[in-house]
**Q** 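Please see the structure below; I have some questions.
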Amino acid sequence: MAQTNLLARWREKKDLAKLDGYKLAGGFRALRKALIMKPADIISEMKKATIRGRGGAGFPAGMKWSFVPPGEGPRYLVINADEGEPGTFKDRALLSEDPFRIIEGAVIAARAVGLTAGYLYVRGEFFEIAQRFEKAIADARKGGYLGKNILGSGFSFDLFVHLGAGAYICGEETALLESLEGKPGRPRLKPPFPAVKGAFARPTVINNVETIAAVPMILEMGGDAFHALGVQGDGGVRLFGLSGHVNRPGLYEFPVGKNLRELIFEDGGGIVGGKALKGVIPGGSSTPILLPGEIDVAMTCDSMRNAGTMLGTGCATVIAEGTCIVQVALRVARFYAHESCGQCTPCREGCAWMAATIERIEKGTAELRELDLLLEMARNIKGRTICPLGEAAAMPIEAFVTKFRDEFEAHIRAGGCPSHVG
Amino acid sequence: MQLAFSADNEARIGRLLAEYPDPKACLLPALYIAQEQFGYLTHEVMELVAERIGLPPGEVLSTATFYSMFKKRPTGKYHIQVCGNVSCFLKGSDRLMAALEKMLGIRDGETTEDGLFTLSTVQCLAACGTAPALQVNDTYHEEMTPEKVVALVNRLREEGR
Ligand SMILES: Cc1cc2nc3c(=O)[nH]c(=O)nc-3n(C[C@H](O)[C@H](O)[C@H](O)COP(=O)(O)O)c2cc1C
Ligand code: FES
């Protein structure tokens, strides 16, 4: 399967991040088209495209757009640029390399759903990127592509950058809304869903950066053509990432359905130092690890689920033999313990307890029976929290302990890491 | 001493108020502006923000303390933040941290006596494909090695004087 450059156009086209360069590359053609289309027809193209959300959950975007009830008054678009799921590094590239595409996609989404204003919620660490994005927004306004009466169409929509401040939980859509409103990022109970009651208690569409960046492409080539690039029910191309012990780490773009083994061993050039593969975390640290025998799988939302894991953000972390898996599990557990917002007891206490237990296993002060307790704790977190952070923490830990039980037991028996690697 | 926003920052906050349907939503951006002007967020600074936006000081405090990027204490001129998450760990982030601790003579979480450097471990910076990564204030440094870290600190020491 050959790489494509439909999203990652910056590999072929120069100066995309400047308004003139973007226009030269055919920018705003899709917007002009959208401005004369009926809003319902734009949504229908999105549905035909069957683009599944690129933020991790894989919800079909066209369907999400159609959930917003008709009506008057302010309605919002929120673009999720929080990119916090460990192992994920794709939105950062889109934001810095092709900002006008995100702006164009936002205006089209707004026109389709009838939204009046939008916010790009950017993680605080991306401060420099956010500043450049604000410049792009200002240029787009000056060019008439954003703001009042866009390109003389009578349609108005404006976009603003809102900077987060170092809380992973704010990537979760309802925590993000709280944060946008100036509050601590504590997830809301659903329902009501954001489509009905979102930002400032108004109907709101929330999409990931990559989902929005794909919108102009979908309108230009048509929903059916976009769908045909991928697989049935999971259309298009997407960005895939490789990090960790792989010879050629970085971003890749492929049609949905790319084979994970091929991505790692052909495109990624295999494992560093010719080592054996130990495991792959396929789509961000909340997705359960796959063993070497499990990676011959198509990277679609559904086939990854059938493989017992999730496609997540499409950014895979590759782990070579010789790495201490307990150390890896510890980093993952600590992350979620640190980032739990604290409002649900099973998540707050459970994540802290899992991290503390794994720390003792790593140090060699735990007992064998604690492994089963660890699994039980993970099971007890799942399904008992307001938002999916609890699951995001429990699922990978369950997989580490179940699939590498020998190694956990060896740590406990040896009174510490037997390999002293990592 | 009565704290006040600079005229520039006053204007920035004024513009912010127009970007949101509810003034309360200006809180995060206003805290950033305050942090930029005053260095970190003391109670007095938070009260100033509360008054300017029209919020109870308690709400400002509860939001400010929720977010790790709002500083409640002074930090060094250069805040070195080393990612310790999985992808960076696999590419040797522990060695970067060790090199920094040795060179700066401080531990993770501390500030050098001359006030030049603060050292922290942070979570994934979304630079995993170019790991290991660190940030100095808002600037990314990627594909780092212990050697590159030494050169970086030496350069910052020069510039920081
Ligand atoms: C704990 C947690 C963290 C999340 N972090 C992000 C994130 O950083 N970026 C993102 O786009 N979605 C993130 N999501 C998913 C969002 O809740 C939401 O599903 C997504 O932004 C919707 O956009 P999409 O349908 O276009 O993918 C997170 C979800 C959870 C539960
Ligand atoms: S793990 Fe370090 S940048 Fe992602």
Side-chain angles (χ1 to χ4, degrees), chain A residues 74 76 83-93 117 119 123-128 131 158 160 162-168 170 179-186 199-200 202 241-245 249-251 281 284-285 315 317-320 323 327-328 331-332 334-335 338-339 341 422, chain B residues 15-16 18-33 35-36 49 53 55 59-71 81 83-94 120-133 135 137-140 142-143:
Chain A
Y76 300 105
E83 188 142 84
E85 174 76 1
T88 308
F89 53 96
K90 61 185 185 70
D91 299 334
R92 183 173 166 230
Y119 298 94
R123 62 179 292 177
E125 291 83 351
F126 289 174
F127 175 76
E128 291 180 350
Q131 283 204 313
D158 213 346
F160 307 98
H162 187 93
L163 210 57
Y168 161 75
C170 293
S179 180
L180 175 65
E181 294 176 7
K183 292 176 262 180
R186 297 202 182 94
F200 309 106
R202 299 292 307 162
L242 283 180
S243 71
H245 293 143
L251 269 188
I281 302 172
S285 73
C315 289
T317 308
V318 178
I319 302 170
T323 310
Q327 263 289 349
V328 173
R331 309 262 158 165
V332 173
R334 269 193 198 143
F335 171 76
H338 185 258
E339 300 296 337
C341 84
Chain B
R15 281 196 299 276
L16 278 173
E19 293 185 3
Y20 302 92
D22 179 355
K24 186 172 174 176
C26 299
L27 181 50
L28 266 67
L31 285 170
Y32 269 119
I33 291 173
Q35 182 160 290
E36 192 186 303
V49 172
I53 304 186
L55 281 175
E59 272 187 48
V60 175
L61 180 71
S62 96
T63 292
T65 47
F66 185 85
Y67 296 95
S68 65
M69 290 178 74
F70 293 131
K71 300 174 195 159
Q81 301 152 94
C83 172
N85 220 300
V86 175
S87 299
C88 286
F89 160 68
L90 296 174
K91 298 296 280 275
S93 60
D94 286 3
S120 315
T121 300
V122 291
Q123 296 298 352
C124 177
L125 290 167
C128 332
T130 40
Q135 270 192 314
N137 299 340
D138 292 315
T139 305
Y140 275 78
E142 296 160 62
E143 295 181 318

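Numbers restart at 1 for each chain; the letters A, B, ... are given by sequence-line order, proteins then strands. Any value given below was found using the heavy atoms of this structure, including those in side chains, with hydrogens, waters and symmetry copies removed.
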**Q** Below 4.5 Å from any heavy atom of chain B, which atoms of A:Phe335 appear? Answer side chain, backbone, both or neither.
**A**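 For A:Phe335, backbone and side chain are both near chain B.
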
**Q** Measure distances from B:Glu143 to the heavy atoms of chain A and classify the residue's part below 4.5 Å as side chain, backbone, both or neither.
**A**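 When you check distances to chain A, no heavy atom of B:Glu143 falls under 4.5 Å.
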
**Q** Quick one: does B:Tyr32's side chain have a donor or acceptor within less than 3.5 Å of a partner on A:Gly164's backbone?
**A**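 At least one qualifying donor-acceptor pair exists.
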
**Q** Between A:Phe126, A:Phe89, A:Tyr76, which has the largest tally of heavy atom pairs under 4.5 Å with chain B?
**A**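 Maximum pair count with chain B is reached by A:Phe89.
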
**Q** Checking A:Arg123 against chain B: side chain, backbone, both or neither under 4.5 Å from a heavy atom?
**A**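 Contact with chain B involves the side chain of A:Arg123 alone.
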
**Q** Would you compute the distance between atom OG1 of B:Thr130 and atom CZ of A:Arg92 and round it to the nearest 0.5 angstrom?
**A**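 Going from the OG1 atom of B:Thr130 to the CZ atom of A:Arg92 covers 5.5 Å.
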
**Q** Determine yes or no for a side-chain-to-main-chain donor-acceptor pair under 3.5 angstrom, with B:Tyr20 supplying the side chain and A:Glu181 the backbone.
**A**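 No; zero donor-acceptor contacts below 3.5 Å.
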
**Q** Can you measure from OG1 (B:Thr121) to CZ (A:Arg331) and round to the nearest 0.5 angstrom?
**A**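 Separation between the atoms: 8.5 Å.
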
**Q** Which heavy atom of B:Asp138 sits nearest a heavy atom of A:Glu128, and at what distance?
**A**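 Shortest heavy-atom separation between B:Asp138 and A:Glu128 comes out as O-CD, 3.5 Å.
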
**Q** At a heavy-atom separation under 4.5 Å, does B:Thr139 approach chain A through its side chain, its backbone, both, or neither?
**A**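 Both parts, backbone and side chain.
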
**Q** Whether the side chain of B:Gln123 engages the backbone of A:Tyr168 through a donor-acceptor N/O pair (distance < 3.5 Å, no angle test) should be reported.
**A**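 It does not hold such a pair.
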
**Q** For chain B, which candidate among A:His338, A:Glu339, A:Lys183 shows the most heavy-atom pairs at distances under 4.5 Å?
**A**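 The option with the most such pairs is A:Lys183.
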
**Q** Please identify, among A:Ala167, A:Gly250, A:Ser179, the residue contributing the most non-hydrogen atom pairs under 4.5 Å to chain B.
**A**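 So the answer, after comparing A:Ala167, A:Gly250, A:Ser179, is A:Ser179.
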
**Q** Does A:Gly182 offer a backbone N or O that forms a donor-acceptor pair with the side chain of B:Thr63 under 3.5 Å?
**A**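 Yes: the side chain of B:Thr63 pairs with the backbone of A:Gly182.
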
**Q** Measure distances from B:Gln135 to the heavy atoms of chain A and classify the residue's part below 4.5 Å as side chain, backbone, both or neither.
**A**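 Just its side chain gets close to chain A.
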
**Q** Is A:Pro74 in contact with chain B via its backbone, its side chain, both, or neither, using a 4.5 Å heavy-atom distance?
**A**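 Looking at A:Pro74, nothing touches chain B.
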
**Q** Go through B:Ala131, B:Pro21, B:Pro23 and name the one with the most non-hydrogen pairs under 4.5 angstrom from chain A.
**A**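 Among B:Ala131, B:Pro21, B:Pro23, the one with the most close pairs to chain A is B:Pro21.
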
**Q** Please state whether the side chain, the backbone, both or neither of A:Cys315 comes within less than 4.5 Å of a heavy atom of chain B.
**A**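 For A:Cys315, neither part sits under 4.5 Å from chain B.
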
**Q** Counting only heavy atoms closer than 4.5 Å, note whether A:Ser285 contacts chain B via side chain, backbone, both or neither.
**A**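 A:Ser285 has no heavy atom closer than 4.5 Å to chain B.
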
**Q** With chain B, which of A:Pro249, A:Pro184, A:Gly185 has the greatest number of heavy-atom pairs at distances under 4.5 Å?
**A**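 Heavy-atom pair counts peak at A:Pro184.
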
**Q** Under 4.5 Å heavy-atom distance to chain B, tell me which part of A:Leu180 shows up: side chain, backbone, both or neither.
**A**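 Contact with chain B involves both backbone and side-chain atoms of A:Leu180.
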
**Q** Got a second to check how far A:Glu83's CD is from B:Cys124's SG, nearest 0.5 Å?
**A**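 If I round to the nearest 0.5 Å, the distance is 8.0 Å.
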
